[in-house]
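Ligands are counted one by one from 1 in listed order, and the atoms in each one are counted from 1 as well.
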Amino acid sequence: MANRRDFIKISALTTGGLMLAGLSSRNAAVFGQNITYKLPADLKRTPTYCEVCFWKCAGWVYKNESGEIQKIIGNDDDPACNGRLCPRGTGGIGMYYDEDRLKEPLLRVTDSAGKQTFKPVSWEEAFDFIAQKMQKIKAEHGPECTALLTHGSGGDYFGRLLKAYGSNNIAAPSYAQCRGPREVAFIATFGEGLDSPENTDIRDTRCLVLIGSHLGENMHNGQVQEMSDAIDRGATIITVDPRFSTVASKSKFWLPIKPSTDLALLLTWINVLIENGWYDKDYVEKYTYGFEQLKAEVKKYSPEWAFGITTIAPEQIRATAREMYNASPAVIIHPGRHVTWYGDDTQRLRAVAILNALLGSWGRRGGFYRNEKKTVNHHPMPPFPKPTRTWRDAMGDKFQLADLALANGVCDATIPSVTLDCHIRAWIVNGTNLLNTLPDQKKTIEAIHNLDLMVVVDTMPMEITGYADVVLPECTYLERYDSIRSLQGREGSIALRMPAVEPKYNTRSAWWMAKQLAQKLDLKDYFPFDSQEEELDWEFKQLGTSLEEMQRIGLRRYKREFDDLYYAPGETVEFMTNSGKIELYSTAFADQGFDPVPRYTKHEEPAPGFYRLIYGRAPMHTFSRTANNPNLVDLMDENTCWINPKVAKEWGIQNDQYIWLENQDGIVSEFPIKARITERIRFDSIYMVHGFGHSNKKLSRTYGRGISDSQLITRVHVDPIMGGTGMRGNFVTFRFDQAKKQEL
Ligand code: MGD
Ligand code: SF4
């Protein structure tokens with residue numbers, strides 16, 4: 001039976017894809033960093049910053065006389081990339097040339113036989129439909145019943161629109177599905193979060209500890225470059241990972257920890273540092289609060305105790321603790337980025353923050369520097385109306401310490417409940433493929449079925465677009481202006497993205513869409529400029545430059561304005577915590593009834609015949625957004641399932657054999673995955689790269705290639721402190737056919 005909102009495959013409606021004219025192979029030739037090339041003199045260049053991931057490297061787009069984009073290279077002045085883009089950034093060109101792109105606005109209609117399809121419509125029709133629905137929802141239920149789920153540049157403009165309309169329900173998956181626990185933990189400890197890019201002083205570090213953080217495969221450009229330089233200079237790398245990651249192979253110590261037990265190791269390291277006096281006593285004395293409580297609380301975590309839990313030998317634990325102390329304060333226990341694993345993630349990241357504090361690395365060379373960032377001022381506009389409700393009202397008094405909205409919270413607040421008189425009824429989804437991004441797909445789909453309106457703004461026909469009422473095709477980042485990139489770092493910098501070419505097909509920028517919608521919703525005062533160029537020019541002028549100048553230079557750096565990069569010896573520092581100190585004992589957590597000092601919690605283990613599902617990144621792909629990119633498919637066209645040889649032997653699995661996976665709740669993967677039998681993964685886990693297993697047939701290169709880890713993540717361990725969705729508590733077994741199909 002048809003659901004209220006059937007998944008529609010955007011299909012033959014969108015015709016007329018341009019020929020790629022051999023571009024894929026032409027660009028593949030310049031991916032390798034070691035290939036030297038000379039740009040022909042007749043190429044014209046325009047500035048941009050990359051949108052393939054959120055590192056936002058600044059670069060130049062080169063095109064030939066016929067106006068065809070030939071190449072993207074990094075901007076030498078950019079501190080985020082130092083002139084070198086990663087493979088994905090170079091391959092960003094494939095987003096523009098991908099003939100599977102969305103090509104025109106689409107509206108969900110039901111035909112006379114009751115079948116739901118997408119009908120191509122004009123922009124005017126699409127906006128009229130959306131505005132009418134939004135006005136109705138506002139009048140009948142209040143503007144707060146509309147939410148924006150967003151990841152990417154257009155969020156700035158749709159966010160402005162939503163706030164002007166009267167709702168503050170704006171959430172990005174980069175918080176509660178990614179770095180949220182780490183932000184909350186660092187705010188509780190140091191009074192400030194890390195944000196992006198992190199203020200890790202890897203360039204000057206003497207010891208870098210990576211816990212479940214696979215830098216290098218996880219391609220955060222500038223950070224990877226700094227790590228590579230640090231390794232060349234002889235810095236010690238300590239990698240804690242159940243998998244022998246690429247960086248593990250560059251490490252002095254690889255600790256193949258039993259997954260889910262990292263907190264035990266961290267607490268034991270804290271204890272070993274304190275017991276042996278291997279910590280910065282002056283720093284702890286001057287800057288921290290709660291040392292004695294910490295010391296008493298961690299006393300029970302001996303290396304011998306930790307061995308039984310983590311499988312890491314006591315002498316390895318002591319040796320690595322000593323190594324960190326020897327390097328201190330030029331040591332970084334890296335906070336990681338995607339840290340929503342087991343539900344006790346905020347406490348695990350608190351332990352990371354505490355370790356850094358004991359070693360005196362916060363505010364010190366080779367540890368964490370003090371960030372600076374230029375503020376971009378916007379043209380004055382009327383104040384936003386004050387919303388009377390938010391997604392938080394659906395949560396009771398839970399997650400008070402979350403400093404940003406939760407995408408999963410918005411999802412929960414969309415499902416009507418007896419405790420909530422107003423649930424969310426409309427979503428604008430911009431640049432996030434929620435079906436592959438939020439865990440528990442069944443719940444996401446249930447929320448979608450409860451919506452009166454779902455608008456999806458995307459460049460590609462992804463899984464989420466199939467559930468939309470209206471699809472708005474955005475042009476790619478190579479065809480549009482976007483908001484000013486103001487990056488934090490050792491110094492502030494700003495960068496311009498401008499169109500290198502006209503938008504292909506009938507696609508438009510987010511700025512244009514938000515402005516048109518604002519007009520239809522009687523909110524035009526919030527978009528006071530006639531063109532995006534005028535708006536940007538006004539903003540650049542507040543920063544001492546102009547659009548015209550930025551079109552020539554692309555990027556501008558500013559000298560540090562405020563504090564020094566590092567704390568001066570004996571400097572008095574006021575931390576933005578309740579005590580004004582670095583809190584080893586968190587008063588904010590105590591106030592909310594959470595452990596003020598982290599405590600080890602045990603997690604469920606796989607049943608016999610099951611293996612923990614762990615996942616990560618590949619340097620040539622970003623989440624699910626690049627899986628169909630023609631250039632990047634050339635580099636990696638499917639994910640594989642890493643299996644320990646001992647396990648493969650038990651099951652009779654051969655290398656390269658295709659198998660299906662079934663999780664603890666009986667969900668079987670939609671597609672098979674190729675087995676990769678390797679000693680590089682522990683026997684109790686399997687590993688895959690996130691972002692594959694696409695089920696939308698219109699993604700012609702990637703449909704059915706590999707497995708979607710998200711599909712198998714049905715058990716979610718919600719962090720009680722900030723509401724993040726722990727996703728690594730799922731277990732899978734092997735199937736050799738797909739007899740049992742998943743039902744959603
Ligand atoms: P993607 O799956 O890449 O990641 O979550 P998402 O940002 O949702 O989806 C991006 C969407 O943006 C795609 O539909 C793409 O076509 C679209 N898009 C690309 N460029 C543009 C553009 O210029 N304009 C518009 N409008 N759309 C564009 C990422 C999130 O996922 C994060 S940050 C993390 S760390 C988590 N990682 C993760 C994981 O590793 N495993 C699992 N299972 N889930 C995860 N969820 C989280
Ligand atoms: Fe683009 Fe790579 Fe930089 Fe990310 S790290 S912004 S994908 S070049």
- Message: Applying a heavy-atom cut-off of 4.0 Å, say which part of His690 lies close to ligand 1: side chain, backbone, both or neither.
- Response: side chain
- Note on the structure: atom 37 (N) of ligand 1: of Arg617, Met513, His694, the nearest heavy atom sits on Arg617
- Message: Suppose I only count heavy atoms of Tyr615 and a 4.0 Å limit; which atoms of ligand 1 are within that range?
- Response: 39 (C), 40 (O), 41 (N)
- Relative to ligand 1, is Arg337 under 4.0 angstrom through side chain, backbone, both or neither, heavy atoms considered? neither
- Query: Can you list the atoms of ligand 1 that are under 4.0 Å from a heavy atom of Thr622?
  - Reply: 3 (O)
- Task: Would you check if the distance from the ring center of His621 to the ring center of Phe692 is below 6.0 Å?
- Result: yes
- Does the separation of the ring centres of Trp427 and Phe158 fall below 6.0 angstrom? no
- Message: Centre-to-centre under 6.0 Å for Tyr477 and Tyr96, is that the case here?
- Response: no
- Considering the heavy atoms of Thr459, write down every atom of ligand 1 situated less than 4.0 Å from one of them. 16 (O), 18 (N), 19 (C), 20 (N), 21 (C), 22 (C), 23 (O), 24 (N), 27 (N), 28 (C)
- Given that the side chain starts at C-beta and the backbone is N, CA, C, O, which of these parts of Ile713 lies under 4.0 Å from ligand 1, counting heavy atoms, or is it both or neither? side chain
- The atoms of ligand 1 lying under 4.0 Å from a heavy atom of Met460, numbered in the order shown, are 16 (O)
- Task: Using a strict cut-off of 4.0 Å, indicate which atoms of ligand 1 neighbour a heavy atom of Asn430.
- Result: 26 (N)
- Message: Please compare Met462, His621, Glu479, Arg480 and report which has the shortest non-hydrogen distance to atom 23 (O) of ligand 1.
- Response: Arg480
- Taking distance alone, with no angle check, do Cys178 and ligand 1 share an N/O pair under 3.5 Å? no
- Hey, what's the ring geometry for His220 with Trp55, parallel, tilted or perpendicular (30° and 60° as the breaks)? parallel
- What do you reckon, does Val457 have a nitrogen or oxygen under 3.5 Å from a nitrogen or oxygen of ligand 1? yes
- Sorted by chain and residue number, which protein N/O/S atoms are under 2.8 Å from atom 4 (Fe) of ligand 2? Cys53 SG
- Query: Can you check whether Met460 reaches Glu474 side chain to side chain, under 4.5 Å on heavy atoms?
  - Reply: no
- Pick whichever of Leu102, Thr437, Val339 has a heavy atom sitting closest to atom 46 (N) of ligand 1. Thr437
- Note on the structure: Counting heavy atoms under 4.0 Å, the part of Arg625 that contacts ligand 1 is both
